[in-house]
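Accompanying notes for the structure given below.
Please read these numbers as outputs of a predicted model, since none were measured by experiment.
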Amino acid sequence: MSDRIKEKLNILADAAKYDVSCSSSGSNRKNKDKGLGNASNGICHAYTEDGRCVSLLKILLTNFCIYDCAYCVSRKSNDIKRAAFTVQEVVDLTINFYRRNYIEGLFLSSGIFTNADYTMERLVQVAKKLRLEHNFNGYIHLKAIPGASEELMKEAGKWADRLSINVEMPTEKSLALLAPDKKREDMIKPMQYLKQEILANKEEKKIFKKAPSFAPAGQSTQMVIGATPETDLEILYMANGFYKTMNMRRVYYSGYVPISNDNRLPAIGTPVPMIRENRLYQADWLMRFYGFKVNEIVDKQNPLLDIDIDPKLGWALRNMNLFPMDINTIDYQLLMRVPGIGIQSANKITAARKFSRMTWEHLKKIGISMNRAKYFIHTDSEFEKKDLQPLQIKQIIMQEGNSKYKPNFSSQLKMF
Amino acid sequence: MNIVIYDGSFEGLMTAVFEIYEYKIVQPNIVNSNKETGSLFGKVHEVHTNKDKTARVFKKLKDKLTPNAFSNLYKTFLSETREIENLLYRYIAYILSSNASVENDYSNPDVLALQQLSRKVHREKHRMEAFVRFQLTQDQLYFCLIQPDYNVLSLISKHFEKRYADQRWLIYDSRRKYGLYYDLKRVEEVSMRFENDFNDKAALKTICDEKEELYQKLWCIYFGSVNIAARKNMKLHIQHMPKRYWRYLTEKNNIN
Ligand code: SF4
C-alpha cells in the first residue's frame, strides 16, 4: 500500500510541476479554535534545484484526461503512466506534510475525467474535508476546471483561499491551434464569475466582519510562453488586461518546457526560455509595484523585452533625456525608477536625505547598486561625467553584471 | 577605557546602559561576562541586572522610537556578533542625545549597522520558520533540531504556537543547547540532554512513529519530482538554501 502511494505521488507531482504558481500568500486565514494551521505569511519551505520556491503540496488529483492539449504532458494521446489519488489520500498527505512543517498547504489541480463537473466536485470534496473534518486552516489553492458549474465554483470558493483558471495561451488563436477542445470563453466566463463573487464577498465582509470568506486570496492565472510566436507586447497587454479587468492577484508566465514531438511546438531539447520568463516577471513587477504603465515597458517599436538587460534599465536607456536626476531632490516615484535603486533603497534614501545631503559614499552604504545608478543620478558634486550613449552604458553594465541566469543560459547554448 | 561587565542578557545590557548614564562612565567598553575576552585593561564596573532600570531605559526608548525600531534593538542583540553591546550603546546614546527622531538617519554608521544587522536576524527568523522539519515520535511529539546562525528561538515561538496549536512540539537549538516546548497549552523554554544523535538513522528509528519514515520518504519523492531538470540552476538553489542548513533538512538527507 505504501509503495502504491509513493508511485502515485511520483506521477502526480511530476505532472503538476509545470504549473509554476506556488504562492501561498494573500490569504489571512487565522487558526480557528486551536485547530491546525493558519495561512498568513506565505513561507517558502524549500527550493528545488532549479531554484523555485516550494511552498505548497502541488499535485494533480489525477492525470487521466479526456482532452488533448498539445503543450500538456497529461494530454489524452500521450503514452504515459496514469494514476489517480482518492480524496482521502490527498487529505492525509496534506495533513501529514503540513504537521511536519514541510508545506503551507495544498495546491490541487487535475486532469479532466468524465466531465468538468465530476472533476471539480472531487476537488471541492478534498478542500471541504480538510476544513471541516480536520479543522485545517492552512492554505488551499484549487484549480477551477473550465466549464464547471457556477454552484461548484461557489462551493470551491467557500473552502479555498485561492482559485485559478489558466488561460494557457496568450491569444485565442494559439489556444485554437494547440488546445482545440478548449474554448477561451470557458475560461473567461468563470473568471468573471469569480471576480464578481470575490468583490461581492469583500463588500459583505466590510459590513459583516464574520461573513464567511470567499477565496480570500483571490484568483490567479497562468500562460505558457515560448510555445507559440506571441510577442512580449501581446503577452504583457494581456496580463495588464487581467490585472485591470479581472482583479487578478497574479499572472504567471510559464516558460514552455518541451515535452512533445508535435510539430506545432518547439522540438524536444529546445532550451526553456528562462531568461525571457524572468524578464516578463520583472516587467510584471514594474507594472504592479513600480507604477509603470504597460506601454512604458513595451510598445509597437519595442515589442520584445531586451533579453540582455532588465526592463527597468531598458526603459531608462530609452529615456535618457530624463537623466541624470538629482538624488537629493527627485521624488519617490522617480527614485524607484532609477536603475540600481529598488523600493527598499528608495525608502532609505528618502528617509536619510532628511538628515543630510546624500553622497555616493552614503548611497553605497545604503546598498544601492552604484555601477548601474551612477549613470542616472548626480549628487551635489558627483556625477559620472563621461558623455556616454545609451548603447555604451548598456555594454558597460552588461560586462560588469553577473546575472543569476547567465551561466545556466550559456551552458544550455553550448549544447547546440 | 572603562570596562562595564554585564551578564549576557538583554535586560542586563539595558541595566548597563542605565548605569553608564547613572555613574557617568566615560568611554565605556561593555563586555559579556560569559565570553572569553582576554585581558582587560581599565577600570571595571560590574552590572547587576535590574528590572527597574531596564524598564526605565525601555520607557525612554519607546518615547523616542517607532515600535519597529524599538523591536530592532532586541533583534540586533540576538545576532550575538562581536561588539554588539557597544554598537547598541552608541546607537541608544545617539537616539537619546537628539531631539528629533533619528532612527532613519542612515548616514550615521551605527544607525545603518543596526538596521542591517536586525534585517539579517529577521531573515534568519524567517529561515527557521521555513526550515524546521518536524519528526513524529512514538509518543506523538513533533520534534526538530536546528542550528540557526543567530539566537532566534524567542522570535519564532509565536509563529509555531499559532500554527501548530493542536500538536505537541519541540524545537531544539542544538548549538545553544536549549529549546521551545509546546504542551498544547503554552510554550516553555527547556534545556535537556540528548543521548542519541538524531542524524543517526538507526537511533532515530527506535523513537519515531511507525509512519514517520513513510512520510519522510514521500516528502523526498515530492521534492524530487517537482524539480524540472531542464531548468536546473544550482546557484539559485544554494543561494536560497545555503548548505549550512542542509544538515537538518529531511529532503537533503534522503533516506533512500
Ligand atoms: S485539459 Fe488540462 S490536463 Fe487535460 S490535456 Fe488540457 S491542459 Fe492537460
Side-chain angles (χ1 to χ4, degrees), chain A residues 2 5-6 9-14 16-18 30-31 33-38 40-41 43-54 57-59 93 96-97 99-102 135 138 255 257-258 271-272 274 348-349 351-356 358-359 362 365-367 404-405 407-408, chain B residues 100 102-109 111-112 115-116 119 126 129-136 142 144 159-167 169 184 211-219 221-241 249-252:
Chain A
S2 74
I5 193 97
K6 284 176 195 164
L9 181 62
N10 210 338
I11 296 171
L12 295 169
D14 192 84
K17 71 187 175 192
Y18 300 97
K30 301 258 175 340
N31 188 302
D33 308 326
K34 279 213 161 193
L36 174 61
N38 52 9
S40 33
N41 17 18
I43 298 169
C44 286
H45 286 273
Y47 292 85
T48 56
E49 290 190 350
D50 54 43
R52 288 172 310 138
C53 157
V54 180
L57 170 62
K58 182 163 46 173
I59 47 177
L93 268 178
N96 277 288
F97 277 15
R99 287 199 182 283
R100 287 168 176 76
N101 204 45
Y102 297 164
N135 192 4
V257 181
V272 183
M274 284 164 62
K348 268 194 208 155
I349 293 167
R353 66 189 183 186
K354 291 191 191 122
F355 301 95
S356 46
M358 294 283 103
T359 65
H362 288 140
K365 280 235 179 83
I366 280 174
K404 289 194 271 293
Y405 294 87
N408 192 293
Chain B
V102 287
E103 65 182 55
N104 288 329
D105 179 8
Y106 300 117
S107 59
N108 176 301
V111 176
L112 188 66
Q115 202 270 348
Q116 285 164 341
R119 274 198 61 194
H126 278 300
E129 288 171 357
F131 293 163
V132 158
R133 298 284 182 265
F134 285 123
Q135 312 194 32
L136 182 60
Y142 288 85
C144 166
H159 170 80
F160 284 97
E161 184 179 1
K162 275 197 214 144
R163 175 161 291 197
Y164 298 109
D166 72 341
Q167 68 190 43
W169 51 260
L184 298 177
K211 284 273 180 65
E212 180 56 32
E213 207 184 324
L214 171 65
Y215 281 110
Q216 288 189 22
K217 193 70 202 263
L218 287 168
W219 172 240
I221 290 174
Y222 179 70
F223 184 73
S225 21
V226 286
N227 186 42
I228 300 181
R231 303 177 56 120
K232 189 162 173 154
N233 189 342
M234 283 308 271
K235 191 175 164 192
L236 204 56
H237 172 65
I238 288 169
Q239 182 184 319
H240 287 308
M241 287 179 103
L249 288 173
T250 312
E251 63 275 21
K252 283 290 170 193

Given the options [options], which has more heavy-atom pairs under 4.5 Å with chain A than any of the others?
| options | value |
| --- | --- |
| A130(B), G224(B), A100(B) | A130(B) |
| Q116(B), M241(B), H159(B) | M241(B) |
| N227(B), L136(B), I238(B), L112(B) | N227(B) |

Could you give the distance from [atom1] ([X]) to [atom2] ([Y]), rounded to the nearest 0.5 Å?
| X | Y | atom1 | atom2 | result |
| --- | --- | --- | --- | --- |
| Y47(A) | L236(B) | OH | CG | 9.0 Å |
| W169(B) | N101(A) | CH2 | CG | 10.5 Å |
| R99(A) | Y142(B) | CZ | OH | 5.0 Å |
| S225(B) | L12(A) | OG | CG | 9.5 Å |
| I349(A) | N104(B) | CD1 | CG | 13.0 Å |

Between [options], which shows the greatest number of heavy-atom pairs under 4.5 Å with chain B?
| options | value |
| --- | --- |
| E49(A), K17(A), M358(A) | E49(A) |
| N96(A), N10(A), I43(A), N31(A) | N96(A) |
| V54(A), L57(A), L93(A), V257(A) | L57(A) |

Disulfide (SG to SG under 2.5 Å) involving C53(A) - partner list, sequence neighbours excluded: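 Expected list: C44(A).
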Which residues share a ring-ring contact (aromatic ring centres under 6.0 Å, His included) with H362(A), sequence neighbours left out: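 Partners of H362(A) under the ring-ring contact (aromatic ring centres under 6.0 Å, His included) test: none.
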Geometric class of the Y215(B)/F97(A) ring pair [parallel <30°, tilted 30-60°, perpendicular >60°]: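 Perpendicular.
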Nearest non-hydrogen partners of L9(A) and L218(B), listed with the distance: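 Closest approach of L9(A) to L218(B), heavy atoms only: CD2-O, 3.2 Å.
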Least distance between heavy atoms, A352(A) atom then Y106(B) atom: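 Heavy atoms of A352(A) and Y106(B) come nearest at CB-N, 4.0 Å.
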Contact class of V111(B) relative to chain A, heavy atoms under 4.5 angstrom: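 Neither part.
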Basic-acidic side-chain contact under 4.0 Å: D105(B), R353(A):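 So D105(B) does not pair with R353(A) through a salt bridge.
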Under 4.5 Å from a heavy atom of chain B, the part of K58(A) involved: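 Interface part for K58(A): both.
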H237(B) (side chain) donor-acceptor with G51(A) (main chain) under 3.5 angstrom: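 Judged by distance alone, no pair lies under 3.5 Å.
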Under 3.5 Å: donor-acceptor pair, side chain of R52(A), backbone of V226(B):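 Judged by distance alone, yes, a pair lies under 3.5 Å.
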Close side-chain approach of Q135(B) to R100(A), heavy-atom, < 4.5 Å: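 A side-chain contact under 4.5 Å is absent here.
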R133(B) side chain near Y102(A) side chain, heavy-atom distance below 4.5 Å: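 A side-chain contact exists here, since the closest heavy-atom pair is under 4.5 Å.
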Criterion side chain to side chain contact (heavy atoms under 4.5 Å, CB included) on D166(B) and K34(A), from CA distance to verdict: CA-CA 6 Å; D166(B) 72 341; K34(A) 279 213 161 193; 5.7 Å; no
CA sep, side-chain torsions, deciding dist, call: E129(B), H45(A), side chain to side chain contact (heavy atoms under 4.5 Å, CB included): CA-CA 8 Å; E129(B) 288 171 357; H45(A) 286 273; over 6 Å; no
